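What you are looking at is a predicted structure, and each value in this text was computed from that prediction instead of being measured. Numbering of ligands and ligand atoms starts at 1, following listing order.
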Amino acid sequence: MKIKEIVSALERFAPLPLQDGFDNAGLQIGLTEAEATGALLCLDVTEAIIDEAITLGYNLVISHHPLIFKGYKSITGKDYVERCILKAIKNDIVIYSAHTNLDNASGGVNFKIAEKIGLKNIRVLSCKEDSLLKLVTFVPFEQANTVRQALFDAGCGNIGNYDSCSYNLEGEGTFRAGEDTHPFCGTIGELHKEKEIRIETILPAFRKNIAIQALIAAHPYEEPAYDLYPLKNIWEQAGAGIIGKLETPEDELDFLKRIKKIFEVGCVKHNSLKNKPVKKVALCGGAGAFLLPDAIRSNADVFITGEIRYHDYFGHENEILMAEIGHYESEQYTKEIFNALLKEAFPDLAIQYSKINTNPIKYL
Ligand SMILES: [Zn+2]
């Protein structure tokens, strides 16, 4: 299969518009028309990782952290990023990164961390806002099923674990076709009344153009009428962090020790123990300390993330147990998401986890 097909599969799962404003997720380097010879999965891209791909004979590196974050006026190999860029291009290696789009996607990075800890009843900790639209259109009775299905196929009608969600109301539409028109029904110059269904459905704002194209293609009218409304609803399936519950409450020290083991953490930093069992757990992989207020508001017993600054520890002694487990450690299982996705979509693709631990932080 071509690399571009693999990229499409990754972006169906973690659409690029879900990424945060500062990010640079997506294709980093390379031409995706090439046939994939294998995919190396990793957290960070370093020169050693590219060497590993070269040794394996793989021409695709899929990472969580983007290699490139800024614009370049020259690439001369003066730092490791530039050397990686040069090495990848020289060796025809494509580099693709799914970063905050994968953090914010349903089933993404934090879902994987929650799975490792064994959390149940999980939901997004800080849901995306101003990201949904309501689409309303008016379709003749006979064509309503076709148009509705076309909208669902274009990504409309998903709410939680339900798909094909719509509301349908019978009514009557009117129109008078003018000169040079080709009306599907009625006569040019005469007022026409048509029994129609008003179809309402919901969609992520970033799918607007795809949905409208599908609507126009499936709708029988020359000039289909449709309305788009921005919604103030939060998007419960997309956003940052996760909150969930342990099946049985755990002693907080036992819980921290278990986390240390699961994520192979050299040193777990935490604030003072609360002397009560842990049941409700909020978490965010990587640099997730910005979600601490959300974790406290959600009444979590503990908040786990990869990095917390010294001053951020202050003032929460009686509010929540905070635990810092390392950026690399918290996100290292992200490659399992890539693996599961690609194995299912491309059973014949050679896939390997990198054997290199790219964590630049060591513990004594
Ligand atoms: Zn990260």
Side-chain angles (χ1 to χ4, degrees), residues 10-11 13-29 40-50 61-70 79-81 84 95-117 122 124-126 128 238-243 259-260 262-269 281-292 294-295 303-309 312 322-341 353-354 356-363:
L10 291 166
E11 291 181 0
F13 184 81
L16 287 180
L18 285 185
Q19 70 181 303
D20 295 337
F22 69 87
D23 203 3
N24 185 40
L27 184 64
Q28 306 285 295
I29 293 172
L40 181 64
L41 313 181
C42 56
L43 194 70
D44 309 286
V45 181
T46 63
E47 291 168 270
I49 293 277
I50 298 173
V61 172
I62 301 173
S63 70
H64 178 45
H65 294 138
L67 173 67
I68 300 171
F69 264 111
K70 61 171 190 178
D79 62 26
Y80 91 93
V81 176
C84 284
I95 298 177
Y96 183 88
S97 308
H99 191 212
T100 51
N101 53 321
L102 189 58
D103 290 331
N104 290 327
S106 187
V109 177
N110 294 309
F111 285 76
K112 179 55 77 178
I113 298 171
E115 178 194 313
K116 293 284 174 189
I117 297 174
I122 54 174
V124 175
L125 183 57
S126 174
K128 276 209 172 275
I242 285 287
I243 185 157
I259 297 298
K260 184 175 195 292
I262 293 170
F263 295 92
E264 298 166 333
V265 187
C267 169
V268 174
K269 295 184 199 167
V281 179
L283 61 86
C284 182
F290 68 98
L291 288 174
L292 180 64
D294 297 87
F303 176 61
I304 302 167
T305 189
E307 297 178 35
I308 304 172
R309 290 180 309 172
D312 290 342
M322 298 158 66
E324 190 181 345
I325 65 170
H327 195 128
Y328 177 92
E329 290 85 343
S330 66
E331 295 185 322
Q332 63 183 306
Y333 299 118
T334 303
K335 51 188 186 278
E336 293 183 9
I337 303 172
F338 297 139
N339 187 46
L341 240 162
Y353 294 141
S354 170
I356 297 163
N357 181 331
T358 53
N359 190 358
I361 297 170
K362 310 293 173 199
Y363 302 94

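- Classified by interplanar angle (parallel below 30°, tilted 30° to 60°, perpendicular above 60°), the ring pair His99/Phe69 is perpendicular.
- Asn101 places none of its side-chain heavy atoms less than 4.5 Å from the side chain of Glu11.
- Coordination check, His65 versus the Zn ion (ligand 1): passed, since an N/O/S atom of the residue sits under 2.8 Å.
- Taking both residues in full, the closest heavy atoms of Gly241 and Cys284 are given as CA-CB, 4.1 Å, listed atom of the first, atom of the second, then distance.
- Among the atoms of His99, none of the N, O or S atoms falls under 2.8 Å from the Zn ion (ligand 1).
- Nearest heavy atom pair, residue Ala105 against residue Phe13, reads CB-O, 3.7 Å.
- Among the atoms of Asp103, no N, O or S atom is found under 2.8 Å from the Zn ion (ligand 1).
- When the Zn ion (ligand 1) is compared with the N/O/S atoms of Glu331, atom OE1 turns out nearest.
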